[in-house]
Amino acid sequence: MSQTQIKLELGGRTITLIGTAHVSKESVEEVKNTINELNPDCVAVELDEKRADSIKNPSRYSQLDLVKIIKRKEGFLLLANLVLASYQRRMGLNAGVKPGDEMIAAMNAAEEKQIRCTLVDRPIQITLKRAWGKNSFWGKCKLFAMLLSSAFSKEEVDPAEIEKLKERNEMDSMMNELSEYMPVIKQVLIDERDQYLASKIWSSEGNNIVAVLGAGHLPGVQAHLEKLGAGSESADVEEISKLPRPGILGKLLAFIIPACIIGLIAAGFIYGGVHAGTQILSTWFLWNAIPAAILTAVAFGHPLTILVGFVAAPFTSLCPFIGVGFCTAIVQAIVCKPKVSDMETLQDDVSSLKSFYKNRILRALLVFILSSLGSTLGTFIGGADIIGILSNI
């Protein structure tokens, strides 16, 4: 048994965990050889249905409907997916493999030997939405910055370094760094998925199971499986399979902030007359409109999109049901309708700043994010400025 494998004997069942680096040629061979050698009853792979389909069908982005994605409020999720896939793809180029090749090898080996194959990972949309929803505003900014730095990084990764990712001490160091920098992300991407993966592996049929997982999940999945085998932990993962419920404070703030702003504007007219009220109203309008328009322009939004951002931001900031990013991104997607070529080169374009701006899909997503950020900044700065004006009346 190699250092990348863990064999567990639990309740009369044998579960073999194979820890892989997702862009490792050695991992591909190890997966195939282990399945052929152990001839298990079931092969469990760290994929969900959508990720499995994306690996098998690289041209899936040709059916992309950007407007529908924006309407479903999944713009950031798509961008995060693209950046992560692009980063793994660049790492795999040096190793001579594509991301997920070891998972394909596991599924193919299972099919060849007519072994049951089961997908045991949590749906990627749930994972990303939980990671986004559980983060604070500052955490979201850090996450976005981390994604951008990963997207445009030109760092070359040596194949030997990729193999090191399967070593326990190397992985522990990376997990510790992630825990310190972004504890919420580590909790959602690693800890919750460890529990989910273990539960689904445990629920798989058969007495001899081989599970193919990223090396970073081995310690956590092993710990949860041992608890499941001892009966000290439930296999119920319903709670971490749902989108996080917005906290009461978050729900209230979505209404309280607009109500306070409207109240401050009304107070300006009541206590300061038309002149003061008009000054406060224009202050609010400009503090929202200008940052939203500037950041839309930074995203190379169409002139009409910039105008929409300028006009819509002051009003959408007072509405808890719709954001300016929704308006600007929809207009951008309609005015600069993505071409087939944009869809075909999507994964390549996300790793180059020039191509990122050139690709109409990516530019619309950037418009969505930056215009929203501009309006958010304008809300807080504008609100503070209004309070300052009122204090001088």
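Below, each value reflects all heavy atoms present in this structure, side chains not excepted, and no hydrogens, waters or symmetry copies.
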Engineer: Going from CG on D121 to CE on M103, what distance comes out if it is rounded to the nearest 0.5 angstrom?
Structural biologist: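 The CE atom of M103 is 8.5 Å from CG of D121, to the nearest 0.5 Å.
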Engineer: Write down the atom of Q195, the atom of D236, and the distance for their closest heavy-atom approach.
Structural biologist: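 That would be NE2-O, 4.3 Å.
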Engineer: Between S282 and Q279, is there a donor-acceptor pair closer than 3.5 Å when you use the side chain of the first and the backbone of the second?
Structural biologist: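 Here the side-chain-to-backbone pair exists.
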Engineer: Quick one: does T20's side chain get under 4.5 Å of V212's, heavy atoms only?
Structural biologist: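 A side-chain contact under 4.5 Å exists here.
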Engineer: With rounding to the nearest 0.5 angstrom, report the OG1 to CD1 distance, T283 to I381.
Structural biologist: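 One finds 12.5 Å between OG1 of T283 and CD1 of I381.
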Engineer: So do E205 and C42 actually touch side chain to side chain, heavy atoms under 4.5 Å?
Structural biologist: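 With C-beta onward as the side chain, the pair stays apart.
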Engineer: Residues two or more places apart in sequence or in another chain: which of them pass side chain to side chain donor-acceptor pair (under 3.5 Å) with S375?
Structural biologist: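 By the side chain to side chain donor-acceptor pair (under 3.5 Å) rule, S375 matches N288, S317.
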Engineer: Show me the side-chain donor-acceptor pairs of residues 104-115 shorter than 3.5 Å, one per line, residues at least two apart or across chains.
Structural biologist:
from: N108; atom 1: ND2; to: I104; atom 2: O; distance (Å): 3.4

Engineer: Step through the shown structure and confirm whether more than 12 heavy atoms of other residues, nucleotides or ligands are within 6.0 Å of NZ on K337.
Structural biologist: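 It does not: K337 NZ has 12 such atoms or fewer within range.
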Engineer: What is the distance from atom OG of S199 to atom CG of L225, rounded to the nearest 0.5 Å?
Structural biologist: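 So the gap between those two atoms works out to 9.5 Å.
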Engineer: Going by heavy atoms in the side chains, are I201 and L213 under 4.5 Å from each other?
Structural biologist: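 Yes. Closest side-chain heavy atoms under 4.5 Å.
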Engineer: Looking at N359 and S355, would you say the former's side chain and the latter's main chain have a donor-acceptor pair under 3.5 Å?
Structural biologist: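 Judged by distance alone, no pair lies under 3.5 Å.
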Engineer: When clusters are formed from ILVMFWY side-chain contacts under 4.5 Å, directly or step by step, what else is grouped with Y196?
Structural biologist: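 Noted: Y196 shares its cluster with V237, I240.
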Engineer: Do D41 and R116 sit within salt-bridge range, that is, some charged N less than 4.0 Å from a carboxylate O?
Structural biologist: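 R116 and D41: not salt-bridged.
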Engineer: Could you pull out the closest heavy-atom pair between A52 and L119, with the gap in Å?
Structural biologist: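 Shortest heavy-atom contact: CB-CD1, 4.0 Å.
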Engineer: Roughly how far, to the nearest 0.5 Å, is the NE2 atom of H217 from the CG atom of D194?
Structural biologist: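 Those atoms lie 6.0 Å apart.
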Engineer: Describe, in one word, how the ring planes of F285 and F315 are oriented to each other, choosing from parallel (under 30°), tilted (30 to 60°) and perpendicular (over 60°).
Structural biologist: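 Rings of F285 and F315: perpendicular, as their planes differ by over 60°.
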Engineer: Restricting to salt bridge (charged side-chain N to carboxylate O under 4.0 Å, His left out), what partner residues turn up for R363, sequence neighbours left out?
Structural biologist: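 Partners of R363 under the salt bridge (charged side-chain N to carboxylate O under 4.0 Å, His left out) test: none.
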Engineer: Hey, could you give me the CD1/CD distance between I15 and E9, rounded to the nearest 0.5 Å?
Structural biologist: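 One gets 9.5 Å once the value is rounded to the nearest 0.5 Å.
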Engineer: Report yes or no: do I306 and I330 belong to one cluster of Ile/Leu/Val/Met/Phe/Trp/Tyr joined by side chain heavy-atom distances under 4.5 Å?
Structural biologist: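 Each belongs to a different hydrophobic cluster.
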Engineer: Scan for side-chain hydrogen bond (donor to acceptor under 3.5 Å, both in side chains) pairs involving residues 295-316, sequence neighbours excluded, and state none if there are none.
Structural biologist: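 Sorted pair list: T305-Q332.
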Engineer: How close do G12 and N207 get, heavy atom to heavy atom, and via which atoms?
Structural biologist: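 Between these two residues, the closest heavy atoms are O-CB, 4.3 Å.
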Engineer: Which distance, rounded to the nearest 0.5 Å, do you find between the OG1 of T16 and the NZ of K7?
Structural biologist: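 Rounded to the nearest 0.5 Å, the OG1-NZ separation comes out at 6.0 Å.
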Engineer: Can you list the residues that meet the side chain to side chain donor-acceptor pair (under 3.5 Å) rule with R13, with sequence neighbours excluded?
Structural biologist: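 So R13 forms no side chain to side chain donor-acceptor pair (under 3.5 Å) with any residue.
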Engineer: Please, which pairs that meet side-chain hydrogen bond (donor to acceptor under 3.5 Å, both in side chains) have at least one residue in residues 381-393, sequence neighbours excluded?
Structural biologist: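 Qualifying pairs, neighbours excluded: W287-D385.
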Engineer: For residues 262-278, run the donor-acceptor check on the side chains, cut-off 3.5 Å, and write out each pair with its distance to 0.1 Å, sequence neighbours left out.
Structural biologist:
from: T278; atom 1: OG1; to: V274; atom 2: O; distance (Å): 2.7

Engineer: Can you give me every donor-acceptor pair (side chain of residues 320-328, partner residue at least two apart or in another chain, under 3.5 Å) with its distance?
Structural biologist:
from: T328; atom 1: OG1; to: V324; atom 2: O; distance (Å): 3.2
from: T328; atom 1: OG1; to: G325; atom 2: O; distance (Å): 3.2
from: T328; atom 1: OG1; to: S371; atom 2: OG; distance (Å): 2.8

Engineer: Apply side chain to side chain donor-acceptor pair (under 3.5 Å) to E192 and list each qualifying residue two or more places apart in sequence or on a separate chain.
Structural biologist: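 Testing E192 for side chain to side chain donor-acceptor pair (under 3.5 Å), a comparison that skips the adjacent residues, returns R122, R130.
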Engineer: Which atom pairs, one a donor and one an acceptor, fall under 3.5 Å between side chains of residues 252-260 and the rest of the protein, sequence neighbours left out?
Structural biologist:
none

Engineer: Applying side chain to side chain donor-acceptor pair (under 3.5 Å), name anything that partners W284, two or more places apart in sequence or on another chain.
Structural biologist: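 By the side chain to side chain donor-acceptor pair (under 3.5 Å) rule, W284 matches no residue at all.
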Engineer: For residues L362 and V367: do they belong to one hydrophobic cluster (side chain heavy atoms under 4.5 Å, members Ile, Leu, Val, Met, Phe, Trp, Tyr)?
Structural biologist: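 No; V367 is not reachable from L362 via cluster members.
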